[in-house]
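Here's the structure we're looking at; comments come further down.
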Amino acid sequence: MGKQRVKIGIVGCGNISRAYLMTAQSFPILEVAAVADIDLKRAQARADEYFVPKACTVKDLLADPEIEIVVNLTIPAAHAEVALQAIKAKKHFFNEKPFAVKLADGQKMVAEAKKAKVRTGCAPGTFLGGGLQTCRKLIDEGAIGQPLSATAFMMSPGHESWHPDPEFYYKVGGGPMFDMGPYYLTALLNMLGPARRVAGSATIQRPERTITSEPKKGTTIKVETPDHVTGIVEFKSGAVATMVTSFAVWHANLPRIEVYGTEGTLSMPDPNSLGGPVKLRKAGEKEWQEVKLTHGHDGGGKWGIGVVDMAYAIRSGRPHRATGENALHVLEIMHAFLGSGKKGAFVKIAAPYRRPEPLPAGLGPMALDD
Ligand SMILES: NC(=O)c1ccc[n+]([C@@H]2O[C@H](COP(=O)([O-])OP(=O)(O)OC[C@H]3O[C@@H](n4cnc5c(N)ncnc54)[C@H](O)[C@@H]3O)[C@@H](O)[C@H]2O)c1
């Protein structure tokens, strides 16, 4: 590989930690030096399962001088607290989404990280997957001309049928917008550039949920945050996207994301995945064409690819792609969706967004740089 490994420490050993541990084992640039959790038993279980040398407290993980990136896989309410501790320890950090719950916390993380000269990162990294990178290439090459508008639909009944601890999805910082919005918004922004303003409506449609997954089967959850969020995003380019995210829809027949341009339409894959299909239909064409993916990283075992990109970036000194700064832009948009209805007006988006460099086509299966 020729590059010195980057040691990472994982904080939060719950459901999604397995996916990151698998990714870290697949990409030679990463080495998991330690795992931590407020529940030490959980940390120990993950360490045993994935042969991680150390299971410890968050404090001990942060004190390890060899760890360069803190990968923060805690619940949303703890994202800011853990990231701010990582910054204090002069470590780069990579948060699971959402970047933070409160906008002020997101702003603080970006400001403090800048002062401490550490990198900020945030999921999702799915826009680095083969499906969405192929879409980005098509947009950049003008395959649909100038993008004019888009639709994005995330319709689901919620997570209480499968997640072992689903309560946090119905508390402030959860809900379909904060949980799934980051995938859809990150994909749209990567195509269309920065957002200008947002108008939305956010409501609680099913105020009580019963958990049907084990081990909490039969427990009732009171829904404390909107479970149906809909509205529009206007982009600085002039394009406009219509978006619905819902945990209150049993079934729907809508596409995930479509982008409509002056010369055709691009149908994008599920942004909560790394693969395809990507479909294109130019003006006047009778059929949709499925486009062969031009980029790799389109399969399983690559969740958390944003961390891999950050590790490569640290070693070569280049910017990484899944930045906290862009995640702050996403966080502001999500708050705007929730706040606009209350305000009865559009909400302007102030945080900057920098379109990440596309990945080169034709990379090796475990590479992120040429
Ligand atoms: N589960 C999924 O499929 C999935 C997918 C993508 C992203 N995510 C995101 O990943 C994050 C974690 O989700 P999850 O499903 O793994 O949740 P989880 O509840 O299964 O795990 C979270 C873990 O964090 C630990 N924790 C909480 N606060 C902590 C703190 N202050 N310090 C140390 N540890 C702490 C908990 O003890 C728990 O083990 C969330 O932000 C979620 O949005 C989850």
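Everything numeric here is computed off the predicted structure, so don't read it as measured data. Atoms within each ligand, like the ligands themselves, are counted from 1 in listed order.
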Q.
I need the atoms of ligand 1 closer than 4.0 Å to a non-hydrogen atom of Tyr169, numbered in the order shown.
A. 1 (N)
Q) Can you tell which part of Tyr20 has a heavy atom less than 4.0 Å from ligand 1: side chain, backbone, both or neither? A) neither
Q: Would you check, one step at a time, whether the test salt bridge (Lys or Arg N to Asp or Glu O under 4.0 Å) holds for Asp369 with Arg315?
A: CA-CA 11 Å; Asp369 279 346; Arg315 285 291 171 268; over 6 Å; no
Q | atom 36 (C) of ligand 1: nearest protein contact (heavy atom, Å) | A | Asp37 OD1, 3.5 Å
(Q) What I'd like to find out is whether the side chain of Thr186 reaches to under 4.5 Å of the side chain of Thr126, using heavy atoms alone. (A) no
Q: Find all atoms of ligand 1 within a distance of less than 4.0 Å from any non-hydrogen atom belonging to Arg42, and give their numbers and elements.
A: 38 (C), 39 (O)
Q | Close approach, Trp162 and ligand 1, non-hydrogen under 4.0 angstrom | A | yes
Q. Taking N or O atoms only and a 3.5 Å limit, does Tyr183 qualify as a polar contact for ligand 1?
A. no
**Q.** Numbered atoms of ligand 1 (with element) below 4.0 Å of Ala78, judged on heavy atoms
**A.** 28 (N), 31 (N)
Q: Report the C-alpha separation of Glu325 and Lys114 in whole Å, then their side-chain angles, then the decisive distance to 0.1 Å, and conclude whether the salt bridge (Lys or Arg N to Asp or Glu O under 4.0 Å) test is met.
A: CA-CA 10 Å; Glu325 285 80 359; Lys114 198 173 172 191; over 6 Å; no
Q) Within the structure, does His79 bring an N/O atom to less than 3.5 angstrom of an N/O atom in ligand 1? A) yes
Q | Parallel, tilted or perpendicular: ring planes of His163 versus Tyr169, cut at 30 and 60 degrees | A | perpendicular
Q: Please write down residue, atom name and distance for the protein heavy atom closest to atom 21 (O) of ligand 1.
A: Gly14 CA, 3.2 Å
Q: Give the cluster check for Tyr50 versus Val71: same hydrophobic cluster or not, with ILVMFWY residues linked at side-chain heavy-atom distances below 4.5 Å.
A: yes
Q) Which atom names give the shortest non-hydrogen contact between Pro53 and Ala33, and what distance separates them? A) CG-O, 3.5 Å
Q: Please determine if Asp165 has a nitrogen or oxygen closer than 3.5 Å to a nitrogen or oxygen of ligand 1.
A: no
Q. With only distance considered, is His163 within less than 3.5 Å of ligand 1 through an N or O on each side?
A. yes
Q: Any atoms of ligand 1 less than 4.0 Å from a non-hydrogen atom of Val58? List them with their elements.
A: 32 (N), 33 (C)
Q) Applying ring pair (Phe, Tyr, Trp, His ring centres under 6.0 Å), which residue pairs with at least one partner in residues 72-127 are found, sequence neighbours left out? A) none
Q: Only heavy atoms count here, so choose which of Thr74, Asn272, Leu73 is nearest to atom 35 (C) of ligand 1.
A: Thr74
Q: State, with a plain yes or no, whether a side-chain heavy atom of Pro255 is found less than 4.5 Å away from one of Phe153.
A: yes
Q. For Phe168, is at least one N or O under 3.5 Å away from an N or O on ligand 1?
A. no
Q | The one among Met180, Arg46, Glu96 that brings a heavy atom closest to atom 10 (O) of ligand 1 | A | Glu96
Q: For atom 33 (C) of ligand 1, grab the closest protein heavy atom and report residue, atom and distance to one decimal in Å.
A: Ile38 N, 3.4 Å
**Q.** Heavy-atom nearest neighbour in the protein, as seen from atom 19 (O) of ligand 1, with distance rounded to 0.1 Å
**A.** Ile75 CG2, 3.7 Å
Q. Just wondering, do Asn272 and Pro124 contact through their side chains at under 4.5 Å, heavy atoms?
A. no
(Q) Using 30° and 60° as the class boundaries, would you call the ring planes of His335 and Phe178 parallel, tilted or perpendicular? (A) perpendicular
Q | Shortest protein contact, atom 20 (O) of ligand 1 (heavy atom only) | A | Asn15 N, 2.9 Å
Q. If you count the non-hydrogen atoms of other residues, nucleotides and ligands that lie under 6.0 Å from CZ in Arg318, is the total more than 12?
A. yes
Q: Could you tell me whether Glu81 approaches ligand 1 through its side chain, its backbone, both or neither, with non-hydrogen atoms closer than 4.0 Å?
A: side chain
Q: Classify the side-chain pair Gln133/Thr294 by whether it contains a donor and acceptor separated by less than 3.5 Å.
A: no
Q) Does any N or O atom in Val11 lie less than 3.5 angstrom from one in ligand 1, N or O only? A) no
Q.
Checking a contact table here: which protein heavy atom is nearest atom 44 (C) of ligand 1, and how many Å away?
A. Ile16 CB, 3.8 Å
**Q.** Any side-chain donor near an acceptor of the partner, Tyr183 and Ser273, under 3.5 Å
**A.** no
